[in-house]
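Read the numbers this way: they start at 1 and go in the same order the structure lists the ligands and their atoms.
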Amino acid sequence: MSNNKTDIMSLELNAIADEMIALNEKKFRGIQIFEWLHQKDCFTWKGMNNLPKALIAKLEEYTYLTQIQLVTKQTSDHDGTTKFLFKLHDGQMIETVLMRYDYGNSVCISTQAGCRMGCTFCASGLNGLERNLTTGEMLRQVYAVESAIGKRITHVVLMGTGEPLDNYEAVVGFIKIITHEKGKNLSQRHITLSTCGLVDGIHRLAGEKLQINLAISLHAGDDELRKQTMPIAKKYSIDDLLTACEAYFTSTGRRITFEYALIAGHNDHPSQARALADLLRFRKFKCHVNLIPINNVVEKSFAKSNQKDVIRFRDILLDKKVETTIRRSLGTDIDAACGQLRLNTMKE
Ligand code: SF4
């Protein structure tokens, strides 16, 4: 935010402790601050009542705390899915979605304002990338939803606006802080990172040895078809992508999820289901296909596949022993497609 001021919310525990030393303070103050921010949801220096006044004065002078402001929210009458639109300090708008399941409350966060990946079926990328979000801005989305519903968030998906691996350091920082035992202590296994397939980023992530789930937006069983909707396919082939997935599986043991958004008349033909099955069934890693009947995007000419085609597609994969599920479409009565609430509010 302010020039030369330190963004404390984005710092891991050790880095806050280092900051304390730089301010001529005791290291343990770093633990206190970390707990206030990431466990006790206190986002003002004055609210941290075990810090001395002299330290608070220094913190106010040399650091800042990320703030986000709720602009609007929409809740689905069908399933309780809630979309939140937040405004950041510089006026950027970001979307966060709460999904309620039997097993807990899951939040889908944005990792960038806008996106530069340009997938043609996506509302988020329509205006390109505005900027990366900071670690603190990602954390505040989760904390804000948690305080809005008064319940603990048990799962986080990095699947909102933005390509997480295009904002690598801030995203890894987010994962480390939200799973820290002195913070929310969320299980790494309850976090899913979804990528359009930045191969270098996947290899790098494999080296972090995190236990998070990796979801790949595949959406096609061959390179030519994939290039038609996903510009990233011109840079990395499916073969390269699957090699990176194998590296991730070897390093973490986590099953890989492949997301496949079904678009009527584009990628929902039985021959495409067979191509997808052939691509995945003899791999050296465990995987799972998630079929997503897309929401219609008014600005795009894509339409949802009909139910019969979706089931036929799934059955072909199952016949070939590829684990497959059809994702329940949540929030169909609200601006549910990724980036639509943001887009519609910006238009207004
Ligand atoms: S689908 Fe994801 S990666 Fe592709 S443009 Fe949308 S936000 Fe970006």
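- Atoms of ligand 1 lying under 4.0 Å from at least one heavy atom of Met117, given by number and element, are 3 (S), 8 (Fe).
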side-chain hydrogen bond (donor to acceptor under 3.5 Å, both in side chains) between Thr6 and Glu19, worked out: CA-CA 9 Å; Thr6 305; Glu19 189 67 24; 3.3 Å; yes

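- Ring pair Tyr248/Phe285: centre-to-centre distance not below 6.0 Å.
- Note: Tyr101 and Tyr103 have parallel aromatic rings, judged against thresholds of 30 and 60 degrees for the angle between ring planes.
- Heavy-atom contacts of Gly162 reach the following atoms of ligand 1: 7 (S) (cutoff under 4.0 Å).
- Applying salt bridge (Lys or Arg N to Asp or Glu O under 4.0 Å) to Glu323 and the options Arg255, Lys286, Arg281 leaves one that passes, Arg255.
- Contacts between Cys115 and ligand 1, counted as non-hydrogen atom pairs separated by less than 4.0 Å, involve the side chain only.
- Annotation for ligand 1: atoms under 4.0 Å from non-hydrogen atoms of Gly118 are 5 (S).
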